[in-house]
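Here is how names work: the chains are called A, B, and so on, in the same order as the sequence lines, proteins then strands, and each is numbered from 1.
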Amino acid sequence: MSARVPMIAPRISTVPVQTSKPLSASMTWQQIGAIANYCAGHGGTLIPSYHPGNTITAGSSGSYSYYVFPTHAIITRMWIVRAHSADPNVDAEVTITAGGYSTTQVVPSHKAQAYPLVLFQHLEARYYGEIPPDTPVVSIPGNLPPDNIAIVINAELADIVVDRIACYEVPRDAMTLGQMFAESGYTIDLYPPQYGVEVDSLKGGAPVYAQEQDNTNEETDWLSLHGAAEAMRFYRMQNSPKSYPTRMLWCWAVPEADALTTTSSTAIPINILPLPYLAKRGYVKERTPSSTIRIYFHAKVDADTGLVGWRKGDRENIGSVAYTYTNVTHTAFNWYNDFWDTQDAMEDLDQPDGRFDDSGTPKWSELQAAFRKLSSTQVWIKGICVYDEDT
Amino acid sequence: MATSEDKGFIPESNGPGAPYLRTWRVKAGRAIDVDWSRTLVNNWHHAYDQSTQVRVSWSAVGTSAPGVRPSHTTFTDVDTYYLMDCDGPFPWSVRHDGVLMRPVLRLAGAVNNASYEVTFKVCLMWFNDPMDHNLAIASMEIPVSSTTEQWVVAPSTYLTLPTNLNYQGAIMRMPTLTKFKTSLVLPVLHNACVGGVPASVQGVMCRLDTWVKADDTAAEAYLSGLYLREYIGT
């Protein structure tokens, strides 16, 4: 048996939940089971489309590393790469490799003719190199895994320019029910539970299955209201100690050879324009932004200590905000992170464009990253990942 | 005090900030209280709201000059649109009422000389995956064609950018499903997906193109940032 993942999110309503009325007499619960399957099985954006812009010389390769939070039930990723030959007179050939899967295709000599190269990476099991999806961010040691996921691009025949890289999770057709690991014999680390919900068990008039007091009855993890509640619990736990899965806001990564570097002791902005974002809401009618934005830097120093920093604000004030820095101490590229748990603005689902209006002027939040040396001589950075982590 | 109707999750009896909806409230043979039930519904409401995604997020990166990214910095043919940037294909979500989640788009760019005007045109195209014959796509009445190219009318917008680098009022709301009926399959993407997309890909794919034209051949245009995300909205 498996839980179908609906392509379109079902509509659920609180209207049938009324005092003194039987709860199972409506279709509400089936919709809850269906939307649980939708949220867990639909997947998300691992890497929003961005522009590396680097050149890879013929016969060599470039490796791009990202710090990602995969959705627990997704088993296929779709990589999209767009590149063109650096020589306007010669087509080039590229080989894209991710997680043991690769494709080789010709790329044109002009950017305007470039087409997307699509690579599907199938995940029969989670890689140990990745963060287990149920590991809270706060428990990750300071020295984070350097390469959560990576894509390698080889240039052949001619030099190439990489125009675009993106990675999206492919929605599931169906998920396994509940945890499953108990009966399959696998451990949770190798095969994360998918927590599919059996929608038919939530029909009106169907018996309400419940969890045993000793929390040992895993048979109901996919059934009835307990299944829906367990699915919610796991969905919220998978990446974050408090709330919903993280949402990638911004990503940039280049190969090591193209890393940005500075010997300056003053802050050097990395993104010239502050990047717009809207923090998510903690709950439906939240009025005070409470989301946490976390930024990951892939950086190194030549010796001693360098600094990576970031600042945020709205469009009116970000230029006057000081950077908050994190020390960079490794001489090999390593992930460093910092976070901001108070936001200036957040999305408003009642507004046409989502901008929250608390003072008559709807606004975006914006963020800007920078780096500089401290006691080091030089600092390098080759990747940034920014997340709306939780509330 | 916020009620459970307002809250995304209930504070629960063991104190505020309970990390998740407690399942021990569901017990065989016991009544399920209404408060808990509404909380469960609201939890999933909110989880669905949070399922929207950022699909394109690019900002110029560099340590010296602005990392501009023109594909045509100097325009040889006035009043001719040049493809400046192309994103996708990327997946797009569909709401429970059959409406495509509306994109919110921000665009940043600049022109090298205030004497010249450069116009950006942003087009978001929806298309069906030819390998995917799911019913939902069919019910949307999306025309599928491998030979014709039809632009979505409503999501195109024309922006005249200033000479300084700044985000410039480029927030757009894209159309709902009714406009989707006028969209198309772009041939290059149609072909690119054949044989590569498994049947498990469900739903709508999307492509974002940025075009530019100038009113003088001496004009140079720069694209410095793109940001596109799904949005549920009202």
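- Put simply, the side chain of A:R247 gets close to the backbone of B:T52: a donor and an acceptor are under 3.5 Å apart.
- Residue A:A166 does not touch chain B at all, counting heavy-atom pairs closer than 4.5 Å.
- Note that CH2 of A:W250 and OG of B:S59 are 5.5 Å apart. Values are rounded to the nearest 0.5 Å.
- Interface residue A:C251: only backbone heavy atoms are found under 4.5 Å from chain B.
- Not one N or O on the side chain of A:Y168 forms a donor-acceptor pair closer than 3.5 Å with the backbone of B:P89.
- One finds the CZ atom of B:R55 at 12.5 Å from the CE atom of A:M248 (value rounded to the nearest 0.5 Å).
- The aromatic rings of B:W58 and A:H51 sit perpendicular to each other, their planes meeting at more than 60°, with 30° as the lower class boundary.
- With a 4.5 Å cut-off on non-hydrogen atoms, A:I80 touches chain B through its side chain but not through its backbone.
- Remark: side-chain polar atoms of B:S57 are not paired, donor with acceptor, to backbone N or O of A:P48 under 3.5 angstrom.
- A:T45 places none of its side-chain heavy atoms less than 4.5 Å from the side chain of B:V54.
- The shortest heavy-atom contact between A:R82 and B:G88 is NH2-O, 2.8 Å.
- Between B:D85 and A:R164 there is a salt bridge, since a side-chain N of the basic residue sits under 4.0 Å from a carboxylate O of the acidic one.
- Among A:G44, A:A369, A:A370, the residue with the largest count of heavy-atom pairs under 4.5 Å with chain B is A:G44.
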